[in-house]
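First up is the structure itself, then whatever we jot down about it.
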Amino acid sequence: MRTARRTIDKREEREYNELQEISGEEFMPKYSLVVPAYNEEKSLPLFYEAVVPMMESLQEEFEIIFVNDGSRDATKEILKELAAKDSRVKVCSFSRNFGQQAALLCGFAEAKGDAVIAMDADLQDPPEVALQMIEKWKEGYDVVHGKRRKRKGETVFKKATAAFFYRFMRKITSLDMPADVGDFKLYDRKVVDAVLSLGEHDRLLRAQVTWVGFTQTIVEFDRPERVAGETHYTLKKMVKLAESGVFPNSDYPLTLPLKLGILGGFLSVACFIVFIVLACCKIYFGGLVAWLFPFVALSGSIALVCHGLSNIYISMVYREVQSRPKYIVAEKINL
Ligand code: UDP
Ligand code: MG
């Protein structure tokens, strides 16, 4: 059973948790912060110092779940120290680097809060914006996206590719994914459960959360620079992330050969008709190569159409294997 209780002081809270442990009742916080961390030894102490007082100001139970994504620096040791001094800090360490999306997913699976907030460890997701998200959640929204108005300390290349990616995703998927939002979001418990019910291996959570639906809103903020260290997103990682967003959510690449084949077929037939008209009007007779061109183009187009048709089956097989729920119920009345 979920219990809501106002924190009076730390000692009382500890006693309360111990009592719950003894009685077998599980500690159920109201908020879970999920923080993926990869080589964040410099950022983590600053993150903890900034976030904990802010969460305490709410006077409601919370937990911080750090997911150490196979770090090679002192991240693991720092997290152990934080967890030893504060039982609200929980840590899950991966056996190797699996990536930020896997780390977020692990945090979601462990989170017990009614609302789950995904945040980066480098304080680029300002803690005060998390408070605004909580306000929105209390107003009744199930998902609150953090939308980046400005991005400080990022290269022009990164800003440009990010801006292009969001617009491209909106174009080629049927998802109404808000532009310029990352993984900094608040998710209601039912949204977390819905996202976890998707069994896919390659995931872009910001695309999946749009797919599952529910009431969504945005909070805008100016993204500051990293508090310490450097970005871990190399071009290779960014491409991999983009793939995880595009391919599971769009069959556009698979239907492209069919569309090109049909277009090519029409153009080849049109070309052949133009040649006949020109020949009949004694304007242009052309050589053997010119007459062969529409036939070669037509056979290429037919091959593309056949390829596109088999892609339709591949896309249907993929959807079956992906086995997303056929619908997600937000509410039931008198059932
Ligand atoms: N991160 C992770 N695994 C990775 C790369 C990044 O857990 O393989 C974490 C990282 O520690 C940070 C968050 O994901 O908390 C965002 O990473 P980063 O700041 O490097 O990305 P950027 O903000 O530059 O897009
Ligand atoms: Mg960052």
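Start at 1 and go down the list; that is how both ligands and their atoms are numbered.
- Of all heavy-atom pairs between Val296 and Ser299, the closest is O-OG, 2.9 Å.
- Looking only at heavy atoms of the protein, atom 4 (C) of ligand 1 is closest to Asp69 OD2, 3.4 Å.
- Taking the six-membered ring for Trp and thresholds of 30 and 60 degrees, Phe98 and Phe94 have ring planes more than 60 degrees apart, a perpendicular arrangement.
- From the protein, the heavy atom lying nearest to atom 1 (N) of ligand 1 is Tyr38 CB, 3.8 Å.
- The Mg ion (ligand 2) lies under 2.8 Å from an N, O or S atom belonging to Asp122.
- A donor-acceptor contact under 3.5 angstrom links the side chains of Gln101 and Asp183, judged on distance only.
- Taking every non-hydrogen atom of Asn97 and a distance limit under 4.0 Å, the qualifying atoms of ligand 1 come out as 3 (N), 4 (C), 8 (O).
- For Glu40, every heavy-atom contact with ligand 1 shorter than 4.0 Å involves the side chain, none the backbone.
- The shortest contact between atom 17 (O) of ligand 1 and any protein heavy atom is with Tyr233 CE1, 3.9 Å.
- In this structure, Asp222 does not pair ionically with Lys152, as no charged nitrogen and carboxylate oxygen lie closer than 4.0 Å.
- In terms of protein heavy atoms, atom 19 (O) of ligand 1 is closest to Asp122 OD2, 2.7 Å.
- The closest non-hydrogen atom to atom 6 (C) of ligand 1, taken over Gln101, Glu225, His232, comes from His232.
- For Thr231, heavy-atom contacts with ligand 1 shorter than 4.0 Å involve the backbone as well as the side chain.
- Using a cut-off of 4.0 Å between Lys/Arg side-chain N and Asp/Glu carboxylate O, Arg226 and Glu40 are scored as salt-bridged.
- Two different hydrophobic clusters hold Trp137 and Ile65 under the rule that ILVMFWY side chains link at heavy-atom gaps under 4.5 Å.
- Close contacts between ligand 1 and Arg223 involve ligand atoms 23 (O) [criterion: under 4.0 Å to a heavy atom].
- Counting the atoms of ligand 1 from 1 in the order shown, those under 4.0 Å from a heavy atom of Gly99 are 3 (N), 8 (O).
- Residue contacts with ligand 1 for Ala37 involve N, CA, C or O but no side-chain atom from C-beta outward (heavy atoms, distance under 4.0 Å).
- Distance from atom 23 (O) of ligand 1 to its nearest protein heavy atom, with residue and atom name: Gln124 OE1, 2.9 Å.
- In summary, an N, O or S atom of Gln124 is located under 2.8 Å from the Mg ion (ligand 2).
- Annotation: the span from Thr234 atom OG1 to His232 atom NE2 amounts to 10.5 Å, rounded to 0.5 Å.
- At a threshold of 4.0 Å, the pair Lys138-Glu60 counts as salt-bridged, since one of the basic side-chain nitrogens sits closer than that to a carboxylate oxygen.
- Interface atoms of ligand 1 facing Asp120, defined by a heavy-atom separation under 4.0 Å, are 13 (C), 15 (O), 16 (C), 23 (O).
- For ligand 1 and Lys158, the ligand atoms under 4.0 Å from any heavy atom of the residue are 22 (P), 24 (O), 25 (O).
- If you number the atoms of ligand 1 from 1 as listed, the ones under 4.0 Å from a heavy atom of Arg226 come out as 18 (P), 19 (O), 20 (O).
- For ligand 1, the atoms sitting less than 4.0 Å from at least one non-hydrogen atom of Lys237 are 4 (C), 5 (C), 8 (O), numbered in the order shown with element in parentheses.
- For the residue pair Asn68 and Ser93, a side-chain donor N or O sits within less than 3.5 Å of a side-chain acceptor on the partner.
- Between Pro36 and ligand 1, an N or O atom pair is found at a separation short of 3.5 Å.
- Under the 3.5 Å distance criterion, with hydrogens and angles disregarded, no donor-acceptor pair is assigned to the side chains of Thr75 and Glu41.
- Closest non-hydrogen pair, Ala179 versus Lys147, comes out as O-NZ, 3.5 Å.
- The nearest pair of heavy atoms linking Gly182 to Arg148 is CA-NH2, 3.6 Å.
- Using a 3.5 Å distance cut-off with no hydrogens or angles, the side chains of Glu63 and Tyr31 do not pair a donor with an acceptor.
- Close approach of ligand 1 to Ala121 is summarised as follows: ligand atoms under 4.0 Å from at least one heavy atom of the residue are 15 (O).
- Under a 4.0 angstrom heavy-atom cut-off, Met119 registers as lying outside contact with ligand 1.
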